[in-house]
Amino acid sequence: MLQSELHEEHLLLGASFPEGEAPLLGPVSYVTEGADDPFRGGCGLCDLSGTLVLLASGAPAVPWAQAAFAGERLAVGECSFQPALLGDGSLASIPLLGRTGDDEYAIWDLSPRSQTLSAWLSFLANVEQGGFRPYEGLGTEDVTERLVPLALWGESAEAVLRDYLSGEGALPAAGRMGELLLDGRIGCLAARLPLDGEDCFLLMVPPALVCRLWRSLLSFGSVTPVGHARVVSRLGELLPWSRWLSQTDRVAPTEGELEGQGLLRASGDFVGARGLRS
């Protein structure tokens with residue numbers, strides 16, 4: 001059975017884990033979680049192990065990403081939640097998409113639709129039209145187990161992370177991402193999620209170093225461990241469209257609904273645009 005790299009750490013904190021097969025491997029909750037909002041005043045620390053993480057790279061990465069995702073085009077270092085539509089205009093999922101290089105993108109999805117998304121993006125990467133493969137040379141990898149995703153979310157999150165940086169270190173702004181060197185020895189990829197009025201960092205940490213960082217973060221009095229049920233619930237409050245991702249059956253929001261959530265770019269040059277309008 002798959003377990004988080006932090007499984008033993010969670011047991012020491014009185015964690016409850018998902019029953020049966022579940023995509024997320026970290027705790028659902030801890031016995032120490034109370035009714036107070038962990039994101040106000042301090043911040044919550046959550047292990048999001050099991051979140052689907054895909055990497056797409058190579059010369060065709062930019063045209064592929066612009067076809068696969070319906071949101072605004074990203075510059076290097078930007079991230080946003082973007083819908084991926086099937087050919088008929090129905091929804092594969094709405095993952096976090098980050099442009100990590102000139103010809104490289106990372107995709108994160110913790111929803112029940114993550115496997116639908118993975119299968120669809122793989123199909124699109126290898127699509128062939130009349131003997132021509134438009135994205136030939138694109139590399140797509142499932143790197144879910146390569147790095148451990150931690151969420152640090154709340155009013156003290158920025159102050160906590162700044163304590164790990166040297167004077168020249170800078171944290172990414174909302175909707176941006178970049179490499180951080182914490183304490184001068186823990187390298188990680190950090191994304192600051194585009195959430196209005198909220199401060200949430202997604203830290204992608206090497207497995208060999210994640211226990212050290214986890215313990216270090218919990219040494220701050222303002223940091224509280226929280227289960228992923230709390231994080232998913234809070235995301236649902238902030239992102240009304242997340243209700244579409246709670247099921248694995250076919251979901252088909254209208255063009256107007258997607259536009260109303262600010263999820264579509266006006267150009268309509270993405271897969272599924274024609275299906276939305278039919």
Side-chain angles (χ1 to χ4, degrees), residues 4-10 12-15 24-49 51 53 77-79 96 98 100 106 108 110 147-235 237-239:
S4 163
E5 293 283 341
L6 294 166
H7 189 78
E8 296 301 320
E9 301 292 322
H10 298 318
L12 294 172
L13 295 169
L24 294 180
L25 305 177
V28 175
S29 62
Y30 296 91
V31 293
T32 53
E33 287 186 55
D36 294 340
D37 186 343
F39 310 121
R40 296 285 171 259
C43 61
L45 175 64
C46 183
D47 175 10
L48 294 176
S49 294
T51 296
V53 189
E78 290 183 335
C79 61
L96 180 71
T100 48
W108 292 267
L110 55 69
L147 296 169
V148 180
L150 302 179
L152 190 67
W153 187 344
E155 293 176 355
S156 71
E158 179 170 345
V160 167
L161 286 179
R162 285 199 182 284
D163 199 66
Y164 286 89
L165 300 178
S166 64
E168 298 179 0
L171 295 173
R176 296 196 63 86
M177 59 197 307
E179 296 285 342
L180 291 183
L181 188 61
L182 303 180
D183 259 0
R185 56 199 168 93
I186 300 177
C188 66
L189 177 66
R192 197 171 195 162
L193 301 193
L195 298 171
D196 288 342
E198 300 282 332
D199 221 353
C200 181
F201 293 88
L202 179 65
L203 307 175
M204 302 297 296
V205 187
L209 301 174
V210 71
C211 283
R212 182 189 303 173
L213 181 60
W214 176 266
R215 292 171 184 168
S216 178
L217 287 168
L218 288 181
S219 71
F220 287 82
S222 67
V223 178
T224 304
V226 297
H228 56 71
R230 202 79 174 255
V231 167
V232 170
S233 173
R234 186 67 181 136
L235 284 171
E237 294 169 8
L238 296 170
L239 304 172

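- Between atom CG of residue Leu235 and atom CG of residue Leu193 there is a gap of 7.5 Å, rounded to the nearest 0.5 Å.
- Heavy-atom minimum distance, Asp47 versus Leu150: CA-CD2, 4.0 Å.
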Carefully, step by step, assess His10 and Trp214 under the rule side-chain contact (heavy atoms from CB on, under 4.5 Å).
-> CA-CA 10 Å; His10 298 318; Trp214 176 266; 3.5 Å; yes
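- Side-chain contact check for Val160 versus Leu152: some heavy-atom pair is nearer than 4.5 Å.
- Between Ser233 and Glu237 there is a side-chain heavy-atom pair separated by less than 4.5 Å.
- Leu213 places a side-chain heavy atom less than 4.5 Å from the side chain of Tyr164.
- Taking 4.5 Å as the limit, every side-chain heavy atom of Glu5 sits out of range of all side-chain heavy atoms of Ser49.
- Proximity of a side-chain donor or acceptor of Glu155 to a complementary backbone N or O of Gly41 within less than 3.5 Å is detected.
- No side-chain heavy atom of Thr51 sits less than 4.5 Å from a side-chain heavy atom of Leu202.
- In this structure a side-chain-to-backbone donor-acceptor pair under 3.5 Å is missing from Asp183 to Arg185.
- Taking 4.5 Å as the limit, every side-chain heavy atom of Thr32 sits out of range of all side-chain heavy atoms of Leu13.
- With contacts defined as side-chain heavy-atom distances shorter than 4.5 Å, the pair Leu25/Leu6 does not qualify.
- Atoms OG and CG, on Ser219 and Asp163 in that order, are 8.5 Å from each other to the nearest 0.5 Å.
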Going through the distances and angles, do Met204 and Val148 end up as a side-chain contact (heavy atoms from CB on, under 4.5 Å)?
-> CA-CA 5 Å; Met204 302 297 296; Val148 180; over 6 Å; no
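- The heavy-atom pair separating Leu180 from Ala170 by the smallest distance is CD2-O, 3.4 Å.
- Arg230 and Asp36 make their closest contact through NH2-O, 2.6 Å (heavy atoms, listed as atom of the first residue, atom of the second, distance).
- Taking all atoms of both residues into account, the shortest heavy-atom contact from Ile186 to Arg212 is CD1-CD, 4.2 Å.
- Remark: side-chain polar atoms of His228 are paired, donor with acceptor, to backbone N or O of Gly26 under 3.5 angstrom.
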Evaluate the criterion side-chain contact (heavy atoms from CB on, under 4.5 Å) for residue pair Leu182 and Val205; output intermediate values, then yes/no.
-> CA-CA 10 Å; Leu182 303 180; Val205 187; over 6 Å; no
Would Leu171 and Phe201 satisfy side-chain contact (heavy atoms from CB on, under 4.5 Å), going step by step from the backbone distance to the final call?
-> CA-CA 10 Å; Leu171 295 173; Phe201 293 88; 4.1 Å; yes
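- In terms of heavy atoms, Leu203 sits closest to Cys188 at CD2-SG, 4.4 Å.
- Considering all non-hydrogen atoms of both residues, Leu96 and Cys79 come closest at CD1-CB, 4.2 Å.
- Although no hydrogens or angles enter the test, the distance criterion places a donor-acceptor pair under 3.5 Å between the side chain of Glu33 and the main chain of Gly227.
- Residues Arg234 and Trp153 are in side-chain contact: their nearest non-hydrogen atoms beyond the backbone lie under 4.5 Å apart.
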Please assess Glu198 against Arg192 for the test salt bridge (charged side-chain N to carboxylate O under 4.0 Å, His left out), listing each intermediate value before the final yes or no.
-> CA-CA 10 Å; Glu198 300 282 332; Arg192 197 171 195 162; over 6 Å; no
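- Atom OG1 of Thr224 is separated from atom CG of Leu45 by 9.0 Å, given to the nearest 0.5 angstrom.
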